[in-house]
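Take a look at the structure set out below.
Any value given below was found using the heavy atoms of this structure, including those in side chains, with hydrogens, waters and symmetry copies removed. Note that the structure is a prediction, hence the values are computed from the model and not measured. Nothing fancy with the numbering, it's 1 onward along the sequence.
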Amino acid sequence: MFCTECGEKLSLMFNHREGLVPFCKNCNEFRFPQFATAVSMIVINRSRDKILLAKHVGQEDYILFAGYVKKGETAEKAVTREFKEETKLNTVKFKYMSSRYHEPKNVLMLNYLVMAEDGEPVLDEEELSEVKWFTFAEAENAIKKDSTAQIFLKNAMAELKKNIF
């Protein structure tokens with residue numbers, strides 16, 4: 001890790017309130033890690049018996065819908081904007097579920113359970129190669145194992161079985 005101000009290599013130093021924190025000796029400042037924020041969406045139909053998954057162009061795995069939160073935008077706005085951009089469908093309602101840091105992309109993922117309006121999705125062909133409705137069991141089998149998406153999906157299905165959403 002390097003200082004975002006001067007480029008100096010950071011070292012870990014003990015901060016009495018925060019524990020070990022990256023520190024820039026040149027600036028004499030603690031530099032807390034920076035990362036992007038994104039929303040991840042488990043999209044269900046109005047009947048609450050199907051989950052919509054997608055494939056990115058050039059990828060083999062089915063994924064949850066996701067997108068970065070833009071500067072100045074709320075996570076809630078990102079949910080509705082990203083889903084509409086990728087499918088041309090509106091959200092009927094949504095509920096925050098949980099968060100998880102996704103290290104491979106250095107991003108904090110905020111997961112939402114989203115109910116989509118009825119209709120067939122029209123996919124953004126620059127970003128997605130396929131969009132498909134799955135039963136819960138099919139979705140569990142289609143999503144990449146041991147992934148952040150799988151963890152989010154299992155949590156959402158547990159909530160849906162309780163009929164809370």
Side-chain angles (χ1 to χ4, degrees), residues 1-2 4-5 7 31-165:
M1 290 187 290
F2 296 89
T4 55
E5 296 296 318
R31 300 289 183 211
F32 289 87
Q34 296 180 353
F35 48 85
T37 305
V39 293
S40 168
M41 296 159 267
I42 291 125
V43 178
I44 62 170
N45 61 351
R46 283 182 182 254
S47 301
R48 299 179 179 152
D49 61 355
K50 301 273 186 185
I51 294 176
L52 189 64
L53 298 177
K55 281 187 183 181
H56 270 179
V57 172
Q59 305 258 326
E60 291 184 27
D61 295 318
Y62 281 100
I63 58 169
L64 301 176
F65 289 87
Y68 288 98
V69 178
K70 294 179 179 180
K71 184 177 180 176
E73 181 179 53
T74 66
E76 295 79 8
K77 178 66 179 166
V79 166
T80 58
R81 176 187 52 78
E82 280 289 338
F83 185 64
K84 178 99 174 181
E85 285 176 3
E86 293 181 0
T87 66
K88 307 296 182 254
L89 293 175
N90 290 312
T91 58
V92 174
K93 65 179 181 175
F94 57 87
K95 175 185 173 185
Y96 172 77
M97 296 294 293
S98 64
S99 65
R100 182 178 168 118
Y101 176 71
H102 185 67
E103 190 168 11
K105 294 200 175 185
N106 190 35
V107 63
L108 177 64
M109 301 294 294
L110 306 175
N111 183 244
Y112 287 82
L113 181 56
V114 175
M115 182 179 288
E117 70 180 348
D118 289 335
E120 282 305 309
V122 178
L123 57 113
D124 174 355
E125 293 181 358
E126 289 183 20
E127 196 167 342
L128 303 175
S129 62
E130 188 178 341
V131 174
K132 184 177 171 184
W133 288 103
F134 291 86
T135 65
F136 289 5
E138 290 168 340
E140 274 188 290
N141 290 329
I143 208 85
K144 187 175 182 179
K145 305 299 178 244
D146 301 319
S147 66
T148 298
Q150 183 186 43
I151 291 166
F152 286 155
L153 183 62
K154 285 184 177 188
N155 288 343
M157 289 191 315
E159 286 285 310
L160 288 166
K161 288 176 183 170
K162 296 177 193 173
N163 276 333
I164 293 175
F165 183 70

### Query
Counting only heavy atoms not in Lys88, do more than 12 fall under 6.0 Å of its NZ?
yes
### Query
Within the side chain of Lys50, is there an N or O that forms a donor-acceptor pair under 3.5 Å with the backbone of Arg46?
no
### Query
Less than 4.5 Å apart, any side-chain heavy atom of Ile44 and any of Leu160?
yes
### Distance, nearest 0.5 Å, that separates OG of Ser40 from CE of Met97
10.5 Å
### Query
Do the non-hydrogen side-chain atoms of Val43 and Phe94 ever get within less than 4.5 Å of each other?
no
### Task
Any chance you could measure Ser129, atom OG, to Leu123, atom CG, to the nearest 0.5 Å?
7.5 Å
### Query
Looking at Leu64 and Met41, what are the two nearest heavy atoms and their distance?
CB-O, 3.5 Å
### Task
Go through the structure and list residues passing side chain to side chain contact (heavy atoms under 4.5 Å, CB included) with Ala38, not counting sequence neighbours.
Tyr68, Val107, Met109
### Results of side chain to side chain contact (heavy atoms under 4.5 Å, CB included) for Glu130 - residues two or more places apart only
Lys55, Tyr62, Lys132
### Query
Can you tell me if Asn106 uses its side chain to pair, donor with acceptor, with the backbone of Phe35 under 3.5 Å?
no
### Task
First locate atom CD1 of Ile42, then atom CG of Leu53, and finally report the distance between them rounded to the nearest 0.5 Å.
9.5 Å
### Query
Looking at side-chain heavy atoms only, is the closest gap between Trp133 and Pro121 below 4.5 Å?
yes
### Query
Got a second to check how far Thr91's OG1 is from Glu82's CD, nearest 0.5 Å?
12.5 Å
### Task
Report yes if the side chains of Arg31 and Glu5 come closer than 4.5 Å at any heavy-atom pair, otherwise no.
yes
### Query
How many angstroms lie between CZ in Phe136 and CD1 in Ile51, if you round to the nearest 0.5 Å?
5.0 Å
### Task
Give a yes or no on whether the backbone of Leu128 and the side-chain of Asp124 come within a donor-acceptor separation of less than 3.5 Å.
no
### Query
Is Thr87 reaching over with its side chain to a backbone N or O of Leu89, donor-acceptor style, under 3.5 angstrom?
yes
### Query
Side chains of Ser98 and Asn111: is there a donor and an acceptor less than 3.5 Å apart?
no
### Query
Any salt bridge between Lys95 and Glu159, counting N to O under 4.0 Å?
yes
### Minimum-distance pair of heavy atoms, taken over all atoms of Arg100 and Thr148
NE-OG1, 3.6 Å
### Query
Side chains of Glu140 and Met157: does their closest heavy-atom pair fall under 4.5 Å?
yes
### Task
Write down the atom of Val57, the atom of Glu125, and the distance for their closest heavy-atom approach.
CG2-O, 3.5 Å
### Task
Would you check if Asn90 and Lys84 make a side-chain contact, meaning some heavy-atom pair closer than 4.5 Å?
yes
### Query
Where is the tightest heavy-atom contact between Ala75 and Val69, given as atom of each residue plus distance?
CA-CG2, 4.2 Å
### Query
Would Glu73 and Arg81 count as a salt bridge (Lys or Arg N to Asp or Glu O under 4.0 Å) if you check the C-alpha gap in whole Å, the side-chain angles of each, and the deciding distance to 0.1 Å?
CA-CA 10 Å; Glu73 181 179 53; Arg81 176 187 52 78; 2.7 Å; yes
### Task
Find the distance between CD (Glu76) and CG (Leu110) and round it off to the nearest 0.5 Å.
8.5 Å
### Task
List the steps and the verdict of side-chain contact (heavy atoms from CB on, under 4.5 Å) for Ile63 and Gln59.
CA-CA 10 Å; Ile63 58 169; Gln59 305 258 326; 5.8 Å; no
